[in-house]
**Student:** 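Here's a structure for you.
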Amino acid sequence: MKIHMTVTFEQVSKVYSPHGSSVRTIALDNVSLTLEEGQLVVLLGPSGCGKTTLLKLLGGFERPTAGRVLVNGELVRQPGPDRGTIFQAPTLFPWLSTLDNVLYGPRVRGMQDKATIERAQEVLRTVGLADFQNHLPHNLSGGMQQRVAIARVLINDPAIILADEPFAALDEYTRRAMQELFLHAVSDRLRTLLFVTHSIEEAVFLADRIVIMTPRPGKISRCIDVKISRPRARSHREFLDAMGEIFEIVSQDFSAAVAEAP
Amino acid sequence: MTDLSIRREHAGEGSDVADSGISATSVPEANTDESTNASQGRLYYFLVPAALLLAWGVTDVVRTSEFSFFPTLRGVTICIIDWIFNVSGGKFFYSGMWLTDLLHSLARVFGGLVLGSGLAILLGLGVLWLPASEKLIDPIVQLLRPIPKTAFLPFAILLFGLGNGPALFMTVYGVFLIVYVQVIMSIKLVPADLRRASRMLGASQRQVLTSVVLPYALPGICSGIRIGASYAWLILILAEMLAVREGFGYTLWNAYEFMRMDVVVAAMIMIGIFGFLTDKLILVVMKRQFVWAEEIAQANV
């Protein structure tokens, strides 16, 4: 199969040294990873394992201390609409209506013709918010706000979508519904997706490939391809077995990390 | 495939029902609550001023000689009527001058407010554009802030001569210092993720400023302008006492020199009323523009 679009992390390290402090935190230590086009890769691990840092580097929000982050062989230098990001909090523009939030991306790039507005309404239908176009964010529930955040990324039609624990703040039921909605919403074309989570269930439900990371310093411990056919049923034997397998690996990593800790 | 879509629809419906339930039932409830509260609040609003006026009216009749210097309600009322309508036929320096005084004072307050706030917002945004500029401006601002702003009045008069110059300078200067500090603070409170979201959606650095930072900071900036406005009235009256020949401040000081305490009180009342109305005007604009920041506006009411 010919690969059209790749994302590569080449021996990436990221060290944080807080202003005026000699304490250095190694968030990522020499991490290499390749994302293939059309794959949904989930970064799984406890907090402090560098999974969000990896996502910020690809998003262009931060620069690596060493190594390179490449999209199609080109260095990532700054954020851009080709890499849509869904943050942990919805981060909507609070003074803009649902529709205007979705239209923000097209507008800053000089597009606000009738066709664009119709496209925005179509995207809002996809995420089930057709009737909430004129609501301000603070009048929407947390789940609905996060759906607007998905819609405003989708309208830019990015080849890469990044998601940083977008459903972590939602209750169990809303979260499951959102995972299904997310899969449906991004399935309209071939995209490369990088999804950060600490939930094993979420990882197994979404991923083509799970990258398990360990903390202090942040490293990749193992990559696992999830071959369960879609749509995935959470109660099926296969699904539960996959969760069990990953749970075993994560527990081993965790006890090893605890044993190594000073 | 069908299995997935059915389950998704159900899940979607579930949360939508819950969500629309919130907006359909609790919002009207909140509205009725608010309207009864508002009419009750409006009644309370007038209660204390009315009681004070009444008490003052009583002292017109019942008073001891020690308080004879204090003007009567009746005297002040006659004064205000003459000030506005010139019923005495130009007998006193203030007769019929009210509208002239009002327009001059308003022009100076709003002129100072617009120029001072505009300068503060421009320099505040400049700090975002060129972060180093904050280091240049900040020490001067922080040094000037504790110095009583009124201390500059003698220099302003020497510099600009008598007239509108020193009055305008004093209001612009006072408003600028107050609003600038608030602008810098409001801009710094814009969440980093909101700027990141803007960049990620395709905005240029300049667009982040105009389409995210400025709108997000605006309620905070307007709070600064509110404080600035009350300060503009305060400092204007002082400037008018010394530098000009019309305005509420001039009338107040001139009346004092003639020992006309009834006119002094009349001028004080006018300054109070128009200071209050200026504040209300800014609040109304804020409430209309910043529905999304309602909690901020309400906290300020």
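Hydrogens, waters and symmetry mates play no part in the numbers below; they use all other heavy atoms, side chains included. So you know, we letter chains A, B, ... as the sequences are listed, proteins then strands, and number each from 1.
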**Student:** For residues 95-111 of chain A, give me every residue with a non-hydrogen atom less than 4.5 Å from any non-hydrogen atom of chain B.
**Tutor:** A:W95, A:Y104, A:G105, A:V108, A:R109

**Student:** With a 4.5 Å limit on heavy-atom distance, are the side chains of A:V42 and A:T197 in contact?
**Tutor:** yes

**Student:** Are the charged groups of A:E122 and A:R119 less than 4.0 angstrom apart, N to O?
**Tutor:** yes

**Student:** Side chains of A:E37 and A:T192: do they bring a donor and an acceptor to under 3.5 Å?
**Tutor:** no

**Student:** Given that the side chain runs from C-beta out, which part of A:E62 has a heavy atom under 4.5 Å from chain B: side chain, backbone, both or neither?
**Tutor:** side chain

**Student:** For A:E118, I'd like to know if atom CD has over 12 heavy atoms of other residues, nucleotides or ligands within 6.0 Å.
**Tutor:** yes

**Student:** Got A:Y16 and A:K14 here, is their nearest side-chain heavy-atom distance under 4.5 Å?
**Tutor:** yes

**Student:** Tabulate, in ascending numerical order, the residues of residues 154-169 of chain A having at least one heavy atom closer than 4.5 Å to a heavy atom of chain B, or enter 'none'.
**Tutor:** A:N156

**Student:** Do the side chains of A:R176 and A:E180 get close enough for a salt bridge, i.e. N-O under 4.0 angstrom?
**Tutor:** no

**Student:** Please classify the contact of A:R152 with chain B as side chain, backbone, both or neither, using a heavy-atom distance under 4.5 Å.
**Tutor:** both

**Student:** Is the charged tip of B:R226 near the ring of B:Y231: under 6.0 Å from the six-membered ring centre and within 45° of its axis?
**Tutor:** no

**Student:** Could you tell me how the ring of A:F61 sits relative to the ring of A:F87: parallel (under 30°), tilted (30 to 60°) or perpendicular (over 60°)?
**Tutor:** tilted

**Student:** Could you tell me whether A:D171 and A:R175 make a salt bridge, using a distance below 4.0 angstrom between a side-chain N and a carboxylate O?
**Tutor:** no

**Student:** I'd like to know whether CZ of A:R189 has more than 12 heavy-atom contacts from other residues, nucleotides or ligands below 6.0 angstrom.
**Tutor:** yes

**Student:** Given that the side chain runs from C-beta out, which part of B:S198 has a heavy atom under 4.5 Å from chain A: side chain, backbone, both or neither?
**Tutor:** both

**Student:** Can you see whether A:Q179 engages A:R234 through a side-chain donor-acceptor pair at a distance of less than 3.5 angstrom?
**Tutor:** yes

